[in-house]
Amino acid sequence: MYVAGVDSGALTTKAVILGDGKVLSHEIVLTGMGGKAHEVVEMALSKADLSTDDLAFVVATGYGRINVPFAAKQVTEITCHGRGAHFLIPTTRMIIDVGGQDSKVIRLNEQGNVVDFAMNDKCAAGSGRFLEVMANALEIDLEEMGKLSLRSKKTVEISSTCTVFAESEVISHIASGIPKEDIIAGIHRAIASRVAGLFFSKVRRKVEQDSVVMTGGVAKNIGMIKSLEEEIGIRIIVPPKPQIVGALGAALIAQEECFM
Amino acid sequence: MELSIKKPFFTPKDLSWHERAKWWKDKGKRVLGYLCSDFPEEIVYAGGILPIRILGSNEAISEAYKYSINPYSCYVTRSILDIALKGELSDFDGLAITTTCDACGLDIYWRMEDQVKGSFPFLYLLPRPSISKTESSHKFFRVELFRFKESLEEFLQEEIPKSSLAHAIKVYNQNRSLLREIYDLRGEGFISGVDAASAVFSSMGNPKDESNLLLSRMIEEAKVREPKSSAAPRIHLSGSVLFNLELFELIEDLGGTVVSDDLCVGSRYFWDPVSTDRDPLEALATRYLDKEPACPCMNTESKVEDRLNFILMMLERYKADAVVFCLHKYCDTHQLDYQILAEELEEREIPFLVHIIEQNIGTAQLRTKLEALFEIINGRG
Ligand code: SF4
Ligand code: SF4
């Protein structure tokens, strides 16, 4: 039996195909660049030598979840990230999901069910989009930011929360000759401190080792992880493909639906 | 104009403030606006004046910023000032303001006095102590209510007899018990969350005796209906003022239902009755200070504990699954209480979420948050 989960995000659309509880294939496409949900699912299907007819159930998640007509069910990204992270790392109790335009903190119980969550829903400052704007200002690749920042000797202070103001700050730092790596480290710290605020708003008891997992595209940025670990004072586990955790969770729910 | 429950008075789309006031004034009577659910309307009603709650609205502010109003006051305050500065309350004979939080109490009063003066022949600031449940605060407030009554009498050039006060209390208590009955019927599925909320909203602007007739009819009609039995997530709403029914509707759209609340446009307005076995002003002073759920601007030691107990009581009474806090940006009194309430709910493993609103409720993000909450309740989380 085959099922699919599709995560229609602000920046990228992701699809995961499951067959008998195992991940058969996945696909990630920029939403703005032909990343239509059904195409992404078809791409993932063809990687697994399957076609849409083989799918028993499809669950859609993410911002665009209501615009995925072929999905039989829509589930929020909060529940899907919870399900996906717990499947990959059963010790997960707290998830930090930093996506394209927002960040979320999700708390799970031992069974992997979501019990609480918080979302920065008013401003995109602590998100992937913020990093993207800064990468542009620095004229570097988004992917390079993480590695570059590790070379930093002196993290620069970015004091503005607002993306536009922070961008001018970055530009003036460049103009005054501050090394790029120090500026990037500052950018990471700025995001990390915002996300940490969200994180601690949902932490009441002691956080156990190996219980904090980061998902979403920004989790691929090693410098960001390092900064966040410093802010929250605990090691963060990153699954191998952090961007597809939501789609995976959707696929896992699709699978449960078939057995219901 | 026809009175109705379905067409409350809070947005210009429904009924303008002018229309509202004019309809009553055409009968040769007067209209007084008030701002807070902690205002003893009974005294005004006893004087033959129609008290109308001015809630503010989520219309964009167009006038108030020209008067350098504080952009860091909650939107309730800013929009009330805007409504007044736009001249929309020009048909009102009076405005009464209770001292509550500084934004809604003092600041509005001063600005009304300074900038909107002339539009209100009768403008009154009613000092309410921020301590309740003590003898001295009751005494103090009783004196203030007496002074308010005197000023009103002077304005009316007419005495407000004790018997009128007692009658007003009776009519208002009837309204309160009808609204409770409507809440109970909603709890059992006879009335929708949206309809029960309209009943409260309309009660804040319709003349109480006529409002009571409408509510009684609503109850009769509801009782013969088939109750809706549904497994929908049952929500308790917590917060202060909501400008309209949007949030109730959104929750229903998403498959949930509002079954209970501690809102200033809900149970905080009507839950506790006024006692009828003592001097009316004394009874009013006690009721408006000690009532549950209390206003978070009160500083009584047990305030948050009382608020928590009220919420827990309502959750049980109406079998609510979760609490949704909908708080105004820049409203520190509610937000400070929230921190404590949230911890207590978490301790009891009661699901909840908080959403901060400003001009609008911010539907897109709130939708995802509510859906996630419903998934938690339905066990999908
Ligand atoms: S929160 Fe307090 S001051 Fe504000 S409307 Fe409600 S009762 Fe009045
Ligand atoms: S919402 Fe808060 S800040 Fe605004 S008037 Fe009411 S108590 Fe004051």
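Atom set for the values below is all heavy atoms of this structure, side chains included, hydrogens, waters and symmetry mates excluded. In what follows, chains are A, B, ... by sequence order, proteins preceding strands, each numbered from 1.
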Counting neighbours of [atom1] on [X] that are heavy atoms of other residues, nucleotides or ligands and sit closer than 6.0 Å, is the number greater than 12?
X        : atom1 : result
B:Glu305 : CD    : no
B:Tyr338 : OH    : yes
A:Gln111 : CD    : yes
A:Phe165 : CZ    : no

Kindly indicate, with the supporting measurements, whether the criterion salt bridge (Lys or Arg N to Asp or Glu O under 4.0 Å) is fulfilled by A:Arg83 and B:Glu375. CA-CA 12 Å; A:Arg83 200 51 59 89; B:Glu375 285 162 6; over 6 Å; no

Less than 4.5 Å to any heavy atom of chain A: does that hold for the side chain of B:Leu353, its backbone, both, or neither? side chain

side-chain contact (heavy atoms from CB on, under 4.5 Å) test vs B:Glu371 passes for just one of A:Thr79, A:Thr76, A:Val75, namely A:Thr76

How close do B:Leu373 and A:Phe117 get, heavy atom to heavy atom, and via which atoms?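 Smallest heavy-atom distance, with atoms named: N-CE2, 4.0 Å.
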
So, B:Glu346 and A:Lys202, do they make that salt bridge, N to O below 4.0 Å?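 Salt bridge flag = no for A:Lys202 with B:Glu346.
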
Can you tell me which portion of A:Glu77 sits under 4.5 Å from chain B's heavy atoms? Options are side chain, backbone, both or neither.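 For A:Glu77, the side chain is the part near chain B, not the backbone.
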
Sub-4.5 Å side-chain heavy-atom contact between A:Ile78 and B:Thr368: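 Yes. Closest side-chain heavy atoms under 4.5 Å.
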
